[in-house]
Amino acid sequence: MIYKKRKILTGLVLGAMSIGFASQGFAAEIVNDDKIFDMEEYVVTANRMPVKANEVAAAVTVIDQATIERGNYSTVSDVLRSNNVNMSTTSFASYPVLNGDSRVLVLVNGRKMNWSHLVVSGDDNAINIDSLPVKNIERIEIVRGPNSALYGSNAVGGVINIITKKPVAAASTTVNTEFGTWNSQRYTLTTQGGDDDVRYLFSYDKQKRDNYDYKNAVTGHEKEFPYSNIDKEYESLRLDKSFGADTLSFELERSKQNDGHGLYLTNPEIPTVYGDGTPLQTTDLNFALTYTWKEGSSSGAGDYLRLYRNNEKSDTSFAGAPYEHDLTTLGTQWQKSWKLNNKNALIGGAEYISEDINETNSGAIFQRGAHMTSIYAEDHWTLIDGWSLNFGTRYENHSDFGGDFTSHVAINKVLSPQTNAYLSWGQAINNPTLKQRYANSPYWIGNPNLKQEKSETVTLGLNSQIDKKTNVQASIYSSKLDNALDWVWDTNISKTVYYNINREKRRGLELNTTHKFSDRWSLNTGYSYSQIEKNAGDNGQYTDYIYNSRPNGYSIGIQYTQDKWNADLTTQQVTGRNTKVYTDTSYTTVNLNVGYQFNDKTKAYIKGYNLTNEGYEILSSSVGRGAYAMPGRYFVFGVERKF
């Protein structure tokens, strides 16, 4: 099957190459026309420096501010899911999956948000991306594939960099109110202002909702998911102080949740949940101080020195037993760029991260810390005849594992101003969490002999604006990961134990197209394929990973704009799942967002989710099918006013 998909993509690459060469004759006409995909746009995350989209040798998705504002999204996971990013979701958390892998590094303005600890039940690699506020986001850059050479541990499946808004001097305030199904409520405030010297941007977001209803995918009966209520609060603040061409920025993000904590359904038909109703009380508080000099200079990127601190405190219980943790990360980052000549740009940097874990689980105390010191360099060359080359390496020394090098190299060909094709190879590393190695709780015993996960990935892809109205992005990847981590319930001691398996293989592809029919109508489609195989023995035989949540993913989005109206209809389908762990081989969801702009300051909108009232789950569970049942049909109505 994967061989056939490779043939298809290879044909697309070759076809786009021929289109690219043929289109050179009318390139000037296209460049001056309004484009649905701007190949002149600059992307930062893929190379740690601003590089034109048609010179980036990676599978990159950029979600800009206009898209975010049009979608009226409530959470970061809503933004990603609506733009064809695979999201694993429970009743209390969401985390991204790239290239079929949850080992994804999440950044905010380049700051690492991941923890060396279990913070989302069911996946040790996951970070609850909905602990980050959405109202202050300028854009989101998504880079699929290994990026440890640039960003260190955790970047196995890819990197998601959330870039926040810079405050502007012109004073403005925006308020927003939403109401909807299950007594959902949301209130937001965003205000900014200042002068050419000092500027500020503050946002506040309050969200509440009662327990949601779901449809049992097996029986078709509608039930209420106990303890699925949410109560969240977000604040963010950014202060910028100018020193000529330099800037000193202070950033703060705070989120507080007092949600229900029905972890999963132990019986979807009754229904009963694992959990005793004790709320999940979690507070995240992040600070960063960044000095950026020569911002916007001829070097192509602002050089910076950053100090930051992330902290998460959580207090709840599991099956009646008290549980709490206090996690702290302290980080220092320095980066310097050099534009050596018109063809060559170099970025280098250093980073120090210290992590501390304090956990109390049923009276058992777990305290541990680790630190990492890293240096890295990334070199980007613009060669002749549209060729470009970038390669980079990173040395990271971990207090537990010692030093490791990770490297990557990629070559890109600009076939025309509208088309580029690329081939890349990269290494990645993923350190076992401190809890996986050292835990000692009533349900979990650490394994200090765990080894690091190490992978190599090859990616082939293209981006092409075929004509003035149509854009295609495609990539295919193959990855091999040694010492993959897995876990087992040890019946002899009645505890979870982690161990390394021999190897894990991942293969897949991503295909996305966008077409603008007219000034009113546009269409985007997407397809993803993911195959995961594991080898846990010495016989060389691989077995399919039955917990693969999205073997085949399809998405269709239709956008309509006329005068003051806009509407987005999004359909997503997943097929090919294993019914040993999922209630069905496939599921389909349909969402609708309709907005009306009264004037340049006031708009109203209505959002409808799961309009077909599908009974489905995104995540599987070892306790039984349908444990993570997703919400049924629901609606949200909102009004936004600018002052």
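Keep in mind the model is a prediction, meaning the values are calculated, not measured.
Between Lys454 and Asp482 there is no salt bridge, since no side-chain nitrogen of the basic residue lies less than 4.0 Å from a carboxylate oxygen of the acidic one. In this structure, Asp130 does not pair ionically with Lys232, as no charged nitrogen and carboxylate oxygen lie closer than 4.0 Å. A salt bridge does not link Glu456 with Lys480: every distance from a Lys NZ or Arg NE/NH1/NH2 to an Asp or Glu carboxylate oxygen is 4.0 Å or more. Salt-bridge formation is not detected for the pair Lys256/Glu235: no Lys NZ or Arg NE/NH1/NH2 atom is positioned less than 4.0 Å from an Asp or Glu carboxylate oxygen. A salt bridge does not link Glu359 to Arg368: none of the charged side-chain nitrogens sits closer than 4.0 Å to a carboxylate oxygen. Comment: Lys112 does not engage Glu351 in a salt bridge, judged by the lack of any side-chain N to carboxylate O separation of less than 4.0 angstrom.
Although no hydrogens or angles enter the test, the distance criterion places a donor-acceptor pair under 3.5 Å between the side chain of Asn109 and the main chain of Thr164. Checking side-chain atoms of Tyr214 against main-chain N and O of Pro268 turns up a donor-acceptor pair under 3.5 Å. Side-chain atoms of Gln335 do not come within 3.5 Å of backbone N or O of Ile347 as any donor-acceptor pair. Between the side chain of Arg577 and the main chain of Thr585, no donor-acceptor pair closer than 3.5 Å is present. A donor-acceptor distance shorter than 3.5 angstrom exists from the side chain of Arg394 to the backbone of Leu150, with no hydrogens or angles considered. The closest donor-acceptor contact from the side chain of Asn258 to the backbone of Asp231 lies at 3.5 Å or more, if one exists at all. With hydrogens and angles ignored, the 3.5 Å screen pairs no side-chain donor or acceptor of Thr360 with any backbone N or O of Ile365. No donor-acceptor pair under 3.5 Å is formed between the side chain of Asn211 and the backbone N or O of Pro226. Between the side chain of Glu141 and the main chain of Val44, a donor-acceptor pair closer than 3.5 Å is present. Distance alone, capped at 3.5 Å, is enough to place a donor-acceptor pair between the Asn161 side chain and the Gly110 backbone.
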Using the rule given for side chain to side chain donor-acceptor pair (under 3.5 Å), can you reason through Asp400 versus Tyr438, listing the C-alpha separation, both sets of side-chain angles and the distance that settles it, and then say yes or no? CA-CA 12 Å; Asp400 283 358; Tyr438 302 114; 3.1 Å; yes

Could you check Gln427 against Thr406 for side chain to side chain donor-acceptor pair (under 3.5 Å), going step by step and ending with a plain yes or no? CA-CA 6 Å; Gln427 297 174 307; Thr406 51; 5.8 Å; no

Kindly indicate, with the supporting measurements, whether the criterion side chain to side chain donor-acceptor pair (under 3.5 Å) is fulfilled by Arg144 and Thr61. CA-CA 9 Å; Arg144 292 174 171 84; Thr61 300; 3.2 Å; yes

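Within a 6.0 Å sphere centred on NZ of Lys206, heavy atoms belonging to other residues, nucleotides or ligands number more than 12. Taking a 6.0 Å sphere around CD1 of Ile493, one finds it holds more than 12 heavy atoms contributed by other residues, nucleotides or ligands. The number of heavy atoms from other shown groups lying within 6.0 Å of NZ (Lys165) is above 12.
Aromatic ring pairs are classed by plane angle as parallel below 30°, tilted from 30° to 60° and perpendicular above 60°; the pair Tyr274 and Tyr264 is parallel. Aromatic ring orientation, Tyr323 versus His325: perpendicular (interplanar angle above 60°, classes split at 30° and 60°).
Pairing each heavy atom of Leu434 with each of Ser116, the nearest pair is N-OG, 2.9 Å. Nearest heavy atoms, Val85 versus Ile142: CG2-CD1, 3.6 Å. Taking every heavy atom of both residues into account, Ser362 and Pro442 meet most closely at CB-CG, 3.5 Å. Ala350 approaches Tyr376 most closely through the heavy-atom pair N-CE2, 3.9 Å. Smallest separation of non-hydrogen atoms from Gly626 and Leu265: O-CD1, 3.7 Å. Ala58 and Val143 make their closest contact through CB-CG1, 4.1 Å (heavy atoms, listed as atom of the first residue, atom of the second, distance).
Counting only heavy atoms from C-beta outward, the side chains of Asp490 and Thr496 never approach each other to under 4.5 Å. Here the side chains of Glu453 and Leu485 are in contact, with some heavy-atom distance below 4.5 Å. Counting only heavy atoms from C-beta outward, the side chains of Thr89 and Leu619 never approach each other to under 4.5 Å. Using a 4.5 Å heavy-atom threshold, the side chains of Glu355 and His117 count as separate. For the pair Pro432 and Phe401, the minimum side-chain heavy-atom distance is below 4.5 Å.
Under the side chain to side chain contact (heavy atoms under 4.5 Å, CB included) test applied with Met113, the options Leu107, Asp284, Asn128, Leu132 reduce to a single match, Leu132.
Atom CG in Asn154 sits 4.5 Å away from atom CG in Asn114 (nearest 0.5 Å).
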